[in-house]
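As structure tokens, the structure follows; a few thoughts come after it.
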Number of protein chains: 2
Amino acid sequence: MSLRHALLGLLADSPQNGYDLTRRVEETLSGYAWSAGHSQIYPELKRMAADGLAEVVDEGSRGSKVYGVTDAGRAELRRWMFSPLSEAPARNEFVLRLFMLSSLDLPDVRVLAEQMADASDREAVELADTIKMIEDSVPPDQPHGYARFAAEFGRRWFELQRDWARWVLEQLEQAPRAD
Amino acid sequence: MSLRHALLGLLADSPQNGYDLTRRVEETLSGYAWSAGHSQIYPELKRMAADGLAEVVDEGSRGSKVYGVTDAGRAELRRWMFSPLSEAPARNEFVLRLFMLSSLDLPDVRVLAEQMADASDREAVELADTIKMIEDSVPPDQPHGYARFAAEFGRRWFELQRDWARWVLEQLEQAPRAD
DNA sequence: GCGGTCATGTAAACAGTTACATGATTGT
DNA sequence: ACAATCATGTAACTGTTTACATGACCGC
């Protein structure tokens with residue numbers, strides 16, 4: 001149940017309501033870390049309050065409920081951060097497709113593997129641009145937050161995909177009938 | 001619904017029963033591509049048969065049902081392989097934790113980031129060993145299949161985690177209050 | 001007043017995990 | 001005979017997605 005900890009982490013940053021949390025999850029986490037819609041977030045906030053990990057600290061102008069993290073919540077967040085990584089089953093469609101390549105005939109394999117590598121390359125280049133923009137917009141020696149972390153991770157991730165796709169293609173060209 | 005396509009891909013390789021499929025998903029896909037238990041696989045096979053993508057091609061000695069992929073199934077597999085990647089929401093607990101690092105105090109950040117980088121490094125080294133073993137066990141110029149693909153991906157993936165974790169730590173040390 | 005965004009919720013459907021359940025075959 | 005493995009299923013539960021639903025506030 002990592003959604004709970006994602007919310008705890010965002011609330012630890014600053015108290016906010018469910019609407020803001022929904023946007024922040026979408027903007028800062030949904031790329032590579034976690035994702036959830038408002039219909040999952042509102043009930044979870046209630047449960048977290050019931051469990052004493054979060055509490056309503058303020059009521060916004062439009063009757064919105066601003067949640068903050070409690071001491072117990074902060075303790076739980078830290079406990080989770082230091083707990084052993086629960087090897088959640090990996091699910092990655094890109095990787096799955098590359099594994100399944102050998103079910104196609106060689107011409108198809110070539111076209112598809114190159115297509116996938118090129119798509120990853122385009123994403124990597126785009127993220128490199130994003131990074132440049134972020135770096136330029138923030139004075140040196142200043143912190144630049146989640147956005148920079150995410151972009152850097154994304155760039156490395158898409159480069160990995162691109163390079164691995166090309167490597168798989170090489171293997172299949174050398175020895176068409178793998179496995 | 002990628003489980004269906006994972007099964008289609010495995011069946012395209014060779015017809016087999018649900019029990020074998022369960023083991024192959026666990027052994028070859030569950031690391032980085034996809035995962036599912038037998039309780040998900042058996043009903044899905046029935047549905048695939050009902051949809052005309054797979055069919056029982058043989059009955060094994062113990063009354064097992066050996067499924068094979070139909071022409072429609074092969075067409076569907078190919079269609080899926082070439083269809084645009086549905087950006088399934090990324091969920092990665094490792095990445096999530098590194099994003100949440102700034103909720104800890106600096107000494108904790110140092111300890112945890114180093115711990116995580118070291119853990120990833122150990123996994124990368126282990127996979128490098130696995131790769132060496134695979135390469136040694138297969139004569140050169142022979143195909144080496146899924147296992148080698150997976151190990152190579154895993155090694156690159158854990159190296160990415162290791163390097164990115166160390167980079168994040170650097171950023172946080174330079175400017176403690178990110179975001 | 002009207003459209004956009006803020007703001008919160010519930011319900012139904014689907015996907016995935018864990019637990020329960022059963023029985024046949026093979027090797028010792 | 002017994003244990004391990006082969007083999008297939010269902011049920012209950014949890015987590016996630018999509019759709020439905022409502023209303024307040026703000027700027028024009």
Side-chain angles (χ1 to χ4, degrees), chain A residues 1-8 10-11 15-27 29-31 33-51 54-68 80 86-93 96, chain B residues 1-8 10-11 15-27 29-31 33-51 54-68 80 86-93 96:
Chain A
M1 214 203 322
S2 289
L3 171 59
R4 170 163 297 206
H5 299 106
L7 296 178
L8 237 27
L10 292 176
L11 288 179
Q16 54 201 298
N17 62 38
Y19 186 84
D20 292 332
L21 280 168
T22 304
R23 269 190 307 136
R24 298 202 87 210
V25 167
E26 172 62 30
E27 283 163 17
L29 302 184
S30 83
W34 211 260
S35 95
H38 78 272
S39 65
Q40 218 185 334
I41 289 170
Y42 287 116
E44 184 62 32
L45 284 171
K46 280 196 175 171
R47 263 175 261 131
M48 285 160 69
D51 294 346
E55 59 186 345
V56 177
V57 293
D58 200 8
E59 306 257 329
S61 50
R62 303 174 200 201
S64 80
K65 293 167 203 166
V66 179
Y67 284 87
W80 172 75
S86 72
E87 291 255 29
R91 290 206 166 83
N92 185 317
E93 222 185 294
L96 180 59
Chain B
M1 214 204 321
S2 289
L3 171 58
R4 170 164 296 205
H5 299 105
L7 296 179
L8 238 26
L10 291 176
L11 288 180
Q16 54 200 298
N17 61 36
Y19 187 83
D20 291 333
L21 280 167
T22 304
R23 268 189 308 136
R24 298 200 88 209
V25 167
E26 172 62 28
E27 282 163 18
L29 302 183
S30 84
W34 212 261
S35 94
H38 78 273
S39 66
Q40 218 185 335
I41 289 171
Y42 286 115
E44 185 60 32
L45 284 170
K46 280 195 175 169
R47 263 176 261 132
M48 285 160 69
D51 293 347
E55 59 187 348
V56 177
V57 292
D58 199 9
E59 306 257 330
S61 50
R62 303 173 201 202
S64 79
K65 293 166 204 166
V66 179
Y67 284 87
W80 171 75
S86 71
E87 292 255 28
R91 291 206 165 81
N92 185 316
E93 222 186 295
L96 180 59

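Quick caveat, the model's predicted, so the values are computed rather than measured. Lettering of chains follows the sequences in order, A, B, ..., and the numbering in each one begins at 1.
Taking for each of B:Y67 and A:S61 the nucleotide of DNA chain D with the nearest heavy atom, the 5'-most of the two is the partner of B:Y67.
Two end axes, each from the C1' atoms of five base pairs, can be drawn for the helix from C:dG1-D:dC28 to C:dT28-D:dA1; they diverge by 10°, to 10 degrees.
Atom CG of A:D20 and atom C1' of C:dC6 are 9 Å apart (whole Å). Nucleotide C:dT5 holds its P atom 8 Å from the OH atom of A:Y19, rounded to whole Å. Atom C1' of nucleotide C:dT10 and atom CD1 of A:I41 are separated by 16 Å, given to the nearest angstrom. In this entry the distance linking CG of A:N17 with C1' of C:dC6 reads 8 Å, nearest Å. Summarising the geometry, the separation between NZ on A:K46 and P on C:dA7 is reported as 17 Å, rounded to the nearest angstrom.
Heavy-atom contacts of chain B under 4.0 Å fall on DNA chain D between two terminal nucleotides, which in 5' to 3' order are D:dT5 to D:dT17.
Proximity of B:E93 to A:W80: side-chain heavy atoms (C-beta onward) are separated by under 4.5 Å at one or more points. Side-chain contact check for A:V25 versus A:L3: every heavy-atom pair is 4.5 Å or farther apart. Inter-residue side-chain proximity for B:Y19 and B:R23 is flagged as met; some heavy-atom pair is nearer than 4.5 Å. No side-chain heavy atom of A:D58 sits under 4.5 Å from any side-chain heavy atom of A:P15.
Atom-to-atom distance recorded for B:D20:CG and B:L10:CG is 10.5 Å, nearest 0.5 angstrom. Here the OG atom belonging to A:S64 is positioned 11.0 Å from the CD atom belonging to A:Q16, to the nearest 0.5 angstrom. The distance from atom CD of B:E27 to atom OG1 of B:T22, rounded to the nearest 0.5 Å, is 10.5 Å. Taken to the nearest 0.5 Å, the CH2 atom of A:W34 stands 13.5 Å off from the CZ atom of A:R4. We find the CD1-CZ distance between B:I41 and B:R24 to be 12.0 Å, quoted to the nearest 0.5 Å. In this structure, CD in B:Q40 is found 9.0 Å from CG in B:L7, a value given to the nearest 0.5 Å.
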Scoring nucleotides 12-17 of chain C by protein non-hydrogen atoms under 4.0 Å (B base, S sugar-phosphate only, - none) yields ---SBB
Given the rule in the salt bridge (charged side-chain N to carboxylate O under 4.0 Å, His left out) test, do A:R47 and A:E44 qualify, once you have shown the distances and angles that lead to the verdict?
CA-CA 5 Å; A:R47 263 175 261 131; A:E44 184 62 32; 2.5 Å; yes
